[in-house]
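Contents: one structure, followed by commentary.
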Amino acid sequence: MLKKPLHVGTPNIGNRETFFKHVNDMFDKKWLTNGGDLVQNLERKLEKFLNVKHAITTCNGTRALEIAAKAMDLQGEVIMPSFTFIATAHALEWLGITPVFCDIDPESFCIDPSKIEDLITPKTSAILGVHLYGRACPTEALQRIAEKHKIKLYYDAAHAFGCSRNGNMIGNFGECEAFSFHATKFFNTFEGGAITTNDDTLANKIRLLVNYGFEDTDKVISLGTNGKMNEICAAMGLTNLEAINSVVQTNKFNHILYGELLKDVQGLELISFEEGERNNWQYLILTLTSEYPLSRDELIKELEKQNVLARRYFWPGCHRMEPYKSRKTYSQTQLYVTETISSRILILPTGSAVTANDIHQITDLLKSYSTDTLNR
Ligand code: T4K
């Protein structure tokens, strides 16, 4: 049994001295929020890191998704995968837009382009791809469909900060992309997010929407909300951005070690990331097959007894959660791949809080259930 509980999503925290220095500067300036120096500085650094024209920070990833949809004037229906965190769907529903759930590709676990066109109706205003676990969507295929049907395309990039597709950083695809910088994310600002785009007009609209529609002091020129990131969150972002390379290295090391230690365990498959692309290795994902003696849910319970708190991201899929599942509109929604994968998926702890010794202990447990059960 592990001495202390080990969670999925334990935050990566950069240099404390750097953070406290930013916080002291903030207190000296007596500027706590509303587009202060730290937020401005973070936005410019994000633009450089992502090689994108505009990065507009927000108070969280959900609000980033809502503001992105509002900025593009989306209405009616938006096609998105069901296999994602519920916030992707809720952000649409919150705006009175109907999420239309599409199945995923069995290899990438991202939205399956071959299943999208059947779902397009006269009400469809956009496709919303999710770069699940940081593995990029098939952006070219999605772009072709969006152009053909004259609908918008944008992305939930909550998992994909620091990842690339064909050498281009995620943040540069579609009309815009929405990131989450929640505490549990590879790069965090406690709570936070950002919308990135290369479109100047859209960026202007997004900036207005984030701050009540203010163009200048006392001058409101559009609808808006309070979507702002505050200075203390930006201080955390600036701190963690400096530490990002070491977090990637740790995540990659952990992934390789898990892979080596589990390679002979039948029924457990470690999901890999594309060589040659930039990855953040943020999630450690296993799929269980029928060859493993325990079911996914039995395994979660056994691990929990040993202080290993694994997760089922994203079981059972948005279409099987409220308010969607009880609605007549969704009663016919059957997503075979989503339902199969979501019942087999298991996320294990990784990140800078996890040591090589922890990984040896966790993988020993995974092997022991296998042999114990077989010997029963
Ligand atoms: N789109 C996608 C694809 C997303 O995955 C998310 C968020 C969003 C959009 C929306 O972005 P935000 O609006 O959240 O910025 C967690 C996160 O709260 C959520 O941000 C994240 N996805 C999702 C995948 O995970 P829960 O409900 O699993 O959180 P919770 O409280 O169970 O915590 C997760 C684990 O992290 C636990 O094992 C405990 C550990 N933890 C958590 C916190 C907050 C820590 O060790 N320390 C901490 O400070 O949603």
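Computed from a predicted structure; not experimentally measured. Hydrogens, waters and symmetry mates play no part in the numbers below; they use all other heavy atoms, side chains included.
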Query raised in the report: Would you say D37 and D25 make side-chain contact, with heavy atoms under 4.5 Å?
Result: no
Report task. Before giving the answer on side-chain contact (heavy atoms from CB on, under 4.5 Å), spell out for K325 and H319 the whole-Å C-alpha distance, their side-chain angles and the decisive distance to 0.1 Å. Result -> CA-CA 5 Å; K325 79 169 182 188; H319 70 297; over 6 Å; no
Query raised in the report: Does the side chain of V52 reach to within under 4.5 Å of the side chain of M169, using non-hydrogen atoms?
Result: no
Query raised in the report: Parallel under 30°, tilted from 30 to 60°, perpendicular over 60°: which one fits the rings of H159 and F314?
Result: parallel
Query raised in the report: Should the heavy atoms of other residues, nucleotides or ligands under 6.0 Å from CD of E322 be counted, would the total exceed 12?
Result: yes
**Report entry** Full working for salt bridge (charged side-chain N to carboxylate O under 4.0 Å, His left out) between D297 and K301
**Finding:** CA-CA 6 Å; D297 292 348; K301 282 197 191 117; over 6 Å; no
**Report entry** Pair N34-K228, side-chain hydrogen bond (donor to acceptor under 3.5 Å, both in side chains): steps then yes or no
**Finding:** CA-CA 7 Å; N34 289 12; K228 290 171 272 125; 2.6 Å; yes
Query raised in the report: Would L2 end up clustered with I359 when hydrophobic side chains under 4.5 Å apart are linked, directly or stepwise?
Result: yes
Report task. Could you state whether I341 and L268 fall into the same hydrophobic cluster, counting links through intermediate Ile, Leu, Val, Met, Phe, Trp or Tyr residues with side-chain heavy atoms under 4.5 angstrom apart? Result -> no
Report summary line: CZ (R320) and CH2 (W315) are apart, to the nearest 0.5 Å, by 8.5 Å
Query raised in the report: If you measure only the distance, is there a donor-acceptor pair under 3.5 Å linking the side chains of T139 and Q143?
Result: no
Distance-only check: which donor-acceptor pairs under 3.5 Å involve side-chain atoms of residues 109-116, not counting sequence neighbours?
{"unit_1": "D112", "atom_1": "OD1", "unit_2": "S114", "atom_2": "N", "d": "2.9"}
{"unit_1": "D112", "atom_1": "OD1", "unit_2": "S114", "atom_2": "OG", "d": "2.8"}
{"unit_1": "D112", "atom_1": "OD2", "unit_2": "S114", "atom_2": "OG", "d": "3.4"}
{"unit_1": "D112", "atom_1": "OD2", "unit_2": "K115", "atom_2": "NZ", "d": "3.4"}

Query - Neighbour count above 12 (heavy atom, 6.0 Å) for E298 CD - result: yes
Query - Flag, side chain of N280 to backbone of G162, donor-acceptor distance under 3.5 Å - result: no
Report task. Report the residues that fulfil ring-ring contact (aromatic ring centres under 6.0 Å, His included) with F179, sequence neighbours left out, ordered by chain and then residue number. Result -> F161
Query raised in the report: Are H255 and T350 side-chain neighbours, meaning at least one heavy-atom pair lies under 4.5 Å?
Result: no
Query raised in the report: Are any of the side-chain heavy atoms of L309 and P349 separated by less than 4.5 Å?
Result: no
Requested in this report: Check the pair E77, T98 against side-chain hydrogen bond (donor to acceptor under 3.5 Å, both in side chains), reporting the backbone distance first and the verdict last.
Outcome: CA-CA 5 Å; E77 298 172 355; T98 305; 5.7 Å; no
Query raised in the report: Would Y155 end up clustered with L92 when hydrophobic side chains under 4.5 Å apart are linked, directly or stepwise?
Result: no
Report task. Mark yes when over 12 heavy atoms from residues, nucleotides or ligands other than Q334 sit less than 6.0 Å from its CD; otherwise mark no. Result -> no
**Report entry** pair L202-E175: side-chain heavy atoms closer than 4.5 Å
**Finding:** yes
**Report entry** Salt-bridge criterion met for K29 and E231 (N-O under 4.0 Å)
**Finding:** no
**Report entry** Residue pair Y324 / H90, side-chain donor-acceptor N/O under 3.5 Å
**Finding:** yes
Query - Member of N204, N198, D199, D200 meeting the side-chain hydrogen bond (donor to acceptor under 3.5 Å, both in side chains) criterion with H54 - result: D200
**Report entry** Residue pair N240 / T189, side-chain heavy-atom distance below 4.5 Å
**Finding:** no
Query raised in the report: Can you check whether I195 reaches T197 side chain to side chain, under 4.5 Å on heavy atoms?
Result: no
Requested in this report: Could you check R63 against T225 for side-chain hydrogen bond (donor to acceptor under 3.5 Å, both in side chains), going step by step and ending with a plain yes or no?
Outcome: CA-CA 10 Å; R63 192 41 71 91; T225 183; 2.9 Å; yes
**Report entry** Validation row: F173, E177 side chains within 4.5 angstrom (heavy atoms)
**Finding:** yes
Requested in this report: Could you go through the side-chain contact (heavy atoms from CB on, under 4.5 Å) check for I79 and I151 one step at a time?
Outcome: CA-CA 10 Å; I79 299 172; I151 54 178; 5.6 Å; no
Report summary line: Scanning both residues in full, the closest heavy-atom pair of F253 with A356 reads CE2-CB, 4.1 Å
Requested in this report: Starting from the C-alpha separation in whole Å, work towards a yes-or-no answer on side-chain contact (heavy atoms from CB on, under 4.5 Å) for I285 and F273.
Outcome: CA-CA 11 Å; I285 313 133; F273 295 90; 4.2 Å; yes
Query raised in the report: Heavy-atom count around E93 CD within 6.0 Å, excluding the residue itself: above 12?
Result: yes
**Report entry** R311 side chain vs I347 backbone, donor-acceptor pair below 3.5 Å
**Finding:** no
Requested in this report: Tell me whether F49 is reachable from F186 by hopping between hydrophobic residues (I, L, V, M, F, W, Y) whose side-chain heavy atoms are closer than 4.5 Å.
Outcome: yes
**Report entry** Approximate separation, where rounding is to 0.5 Å, of K185 NZ and S180 OG
**Finding:** 4.0 Å
Requested in this report: Give, for atom NZ of K367 and atom CG of L262, the distance between the pair rounded to the nearest 0.5 Å.
Outcome: 6.5 Å
Query raised in the report: Same cluster or not: are L286 and L132 linked, directly or through other Ile, Leu, Val, Met, Phe, Trp or Tyr residues, by side-chain heavy atoms under 4.5 angstrom apart?
Result: no
Query raised in the report: Can a donor-acceptor pair be found between the side chains of S125 and Q75 at a distance below 3.5 Å?
Result: no
